[in-house]
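Have a look at the structure below before the remarks.
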2 protein chains.
Amino acid sequence: VRVLIPPFPGLTLPQEGSDALTVDRWDGTGDPPDMAEIELWVPPFGFGDHATVIASMGRLRVVQLLTVGYDDVTVPAPLTLCNAVGLHDGAVAEWVLAAILASLRELPAWILDQRRGELDRFETATLAGATVLLIGHGGIGREIERRLAGFDAELIRVAAHARPGVHATEELPRLLPQADVVVLAVPLTDATRGLVGVDFLAALPDGALVVNIARGAVVDQPALETELASGRLRAALDVATPDPLPPGAALRDLRNVLYTPHLSAVTRSIFPRLSRLIGEQATRLAAGEALVNVVSGSDRPPRRADQPTPVKLRSSEVP
Amino acid sequence: VRVLIPPFPGLTLPQEGSDALTVDRWDGTGDPPDMAEIELWVPPFGFGDHATVIASMGRLRVVQLLTVGYDDVTVPAPLTLCNAVGLHDGAVAEWVLAAILASLRELPAWILDQRRGELDRFETATLAGATVLLIGHGGIGREIERRLAGFDAELIRVAAHARPGVHATEELPRLLPQADVVVLAVPLTDATRGLVGVDFLAALPDGALVVNIARGAVVDQPALETELASGRLRAALDVATPDPLPPGAALRDLRNVLYTPHLSAVTRSIFPRLSRLIGEQATRLAAGEALVNVVSGSDRPPRRADQPTPVKLRSSEVP
């Protein structure tokens, strides 16, 4: 099997160097390697125009994403698209707790002002006794809940459909006024696009904290910016529109906003975990076994050796 | 009973206004009220020279502290000294988790640089998989442990004396090289003063995080500053020497130091809890019942009505 992966220092497949596997590396910019023989492609984080590159890979069978979200990628049949579901849940949940605690305990104010020493001591909020509204109860939601357990907070779970212990999205108008913290941990779908709009935000109490580790488009960003600029709400955002935000963006310049550029999953343990996943997929592909984390296409993608080799893409044509 | 408490907006005793209780308020600066009749005194946070004020209170029976630590206060017999043990454990433990997570996930770098947008994404450490060495296993230590439980960290407990699951301080030379995070949660005693010195710090691995919510004097501060200035270690400090650090202090100006001026217990829930404690002590004192949280003197301090009324202290004599 021939695979194309990003040239991250820690990304090394377990079986690399064996006869069964050929590994090419490409960061998505500059000259691409010869793509005609690639069967498994792993696009780098934040890659833009998948379609153009896929069209240049005549034997491509599988696109393996490094992310959980796949709202920005479409692959044509008979290709198989796989994501990295579960792989980042713990790291993202840890970022959520870090961001909630830092925001409630006002660490940004001290980090920005500790040099001057002009800030008076003042009482902060606490997570103890706060009500956390967790919207989305998949793998990341469950990992957030596990970490919240020791903090004496009140947890309200919301998901697309009600089930025991979990409220339906339709109940949000009644639930939002109780929330000290709202965590957005939903996939981006037609149902969640723009979920957090003017009415959603207006229903939150003064001082509530909006945490987004889902996708920027889950939020009506101008509406959120209005509530943040006035100081009525605060936010901890790992995603935004566009993602990442450009330098100088208004959201980066607000003291009541903690912003990181899609970093919640980017920890030192990310590459060993991704290496294992990609290595396993390559082994399964070579053996004709079912792939894991399939989100579209067949879990045993057929060989495409009968297809004509396409024209090699020139680097100037790659976005 | 006549009590003197600090004039904090949220500090109101439950039985205030009743005939049984007279409440005076004084912030420790400027003109003191008539102190001759005070039986229960609650000094404000950070009060300096207790002895001079106590000498002016001829009927004083009890000094009730707002803090857990009482290393900086001595009261002469037959007075009773009480602390606020247990009252701040949860808030301090929450600060410890906030500070560990913010430091490991590099939130200070993003908070300082998010405006400029010049910082590249980079992999951070995680609490998951990290080894946390918790030195001190009293109430605060147990609350830290409860909050750590969901984070997949390795916990090593250390206390003055070994017991099942807890190592003795003598074992530190063997344990320190394993620590990604060291949390200092010990009382300041002869045994812990200067515990964290040159050898202790040198035994820590590169990049280790030192968290201090104990007392500044537990640390040899020049030794710590050397390790921090070189960038080899990092720190999250809620206490230091002096406490709080003056504006412009070197420790405030290091990017690898998260500093708050003794703020870990100062949350919005502090005043209801302190009000209940002081109210309960006043009720017990009036009824001749045993006081709680006694750290020196009798738990049923005798009336001192037979003593001569001392000269009233002029404000210029109060530090």
Side-chain angles (χ1 to χ4, degrees), chain A residues 10 45 90-91 93-95 97-108 110-112 114-129 143 145-152 244-249 251-253 257-264 266-271, chain B residues 10 45-46 90-91 93-95 97-102 104-108 110-112 114-129 143 145-152 244-249 251-253 257-264 266-271:
Chain A
F45 291 111
E94 190 180 290
W95 185 96
L97 266 291
I100 291 175
L101 287 166
S103 296
L104 293 186
R105 299 303 297 262
E106 306 281 1
L107 295 186
W110 292 102
I111 289 164
L112 289 168
Q114 67 180 17
R115 284 159 185 72
R116 296 210 303 273
E118 288 164 3
L119 209 56
D120 270 343
R121 290 171 73 186
F122 60 96
E123 302 91 54
T124 71
T126 52
L127 183 48
E143 289 293 317
E145 179 166 351
R146 193 159 68 83
R147 284 164 180 77
L148 264 177
F151 286 89
D152 302 330
L245 289 171
L251 270 179
R252 284 184 181 262
D253 204 27
V257 177
L258 172 59
Y259 174 72
T260 58
H262 213 136
L263 203 82
S264 63
V266 184
T267 70
R268 282 184 206 131
S269 61
I270 194 177
F271 294 123
Chain B
F45 291 112
E94 189 180 289
W95 186 97
L97 266 291
I100 290 175
L101 288 166
L104 294 186
R105 298 304 295 263
E106 306 282 358
L107 295 186
W110 293 102
I111 289 163
L112 289 168
Q114 67 180 18
R115 284 159 186 70
R116 296 208 304 272
E118 289 163 2
L119 210 55
D120 270 343
R121 290 171 74 186
F122 61 96
E123 301 91 54
T124 71
T126 52
L127 183 47
E143 290 292 317
E145 178 165 353
R146 192 159 70 82
R147 285 163 179 76
L148 264 177
F151 286 90
D152 301 330
L245 288 172
L251 270 180
R252 284 185 181 261
D253 204 27
V257 177
L258 171 60
Y259 174 72
T260 57
H262 214 135
L263 203 81
S264 63
V266 184
T267 71
R268 282 185 204 131
S269 61
I270 194 178
F271 295 122

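What you see below is based on every heavy atom in this structure, not just the backbone, and it leaves out hydrogens, waters and symmetry mates. Reminder, nothing fancy here: chain letters follow the sequence lines and each chain counts from 1.
The most heavy-atom pairs under 4.5 Å with chain A, out of B:Gly10, B:Ser264, B:Pro247, come from B:Pro247. When the candidates B:Val257, B:Leu245, B:Asp253 are compared by the number of heavy-atom contacts under 4.5 Å with chain A, B:Asp253 comes out ahead. With respect to chain B, the highest number of heavy-atom pairs below 4.5 Å among A:Ala91, A:Ser103, A:Ala102, A:Ala249 belongs to A:Ala91. No other option in B:Leu263, B:Leu104, B:Leu258 has as many heavy-atom pairs under 4.5 Å with chain A as B:Leu263. Among the candidates A:Pro244, A:Ala125, A:Ala149, A:Ser269, the residue making the largest number of heavy-atom pairs closer than 4.5 Å to chain B is A:Ala125.
Annotation: side chain of A:Glu123 is not in contact with side chain of B:Thr267 (no heavy-atom distance under 4.5 Å). Side chains of A:Arg146 and B:Asp152 form a contact here, defined as non-hydrogen atoms less than 4.5 Å apart. No side-chain heavy atom of B:Thr124 sits less than 4.5 Å from a side-chain heavy atom of A:Trp95.
Considering every non-hydrogen atom in both B:Trp110 and A:Tyr259, the closest pair reads CB-O, 3.9 Å. The shortest non-hydrogen separation linking B:Ala98 to A:Arg105 is CB-CG, 4.4 Å.
Under the side chain to side chain contact (heavy atoms under 4.5 Å, CB included) test applied with B:Leu107, the options A:Leu101, A:Leu107, A:Ile111, A:Thr260 reduce to a single match, A:Thr260.
Looking only at distances, no side-chain donor or acceptor of A:Glu94 sits under 3.5 Å from a matching main-chain atom of B:Thr126.
Interface remark: B:Phe122 contributes backbone atoms only to the contact with chain A (heavy atom separation under 4.5 Å).
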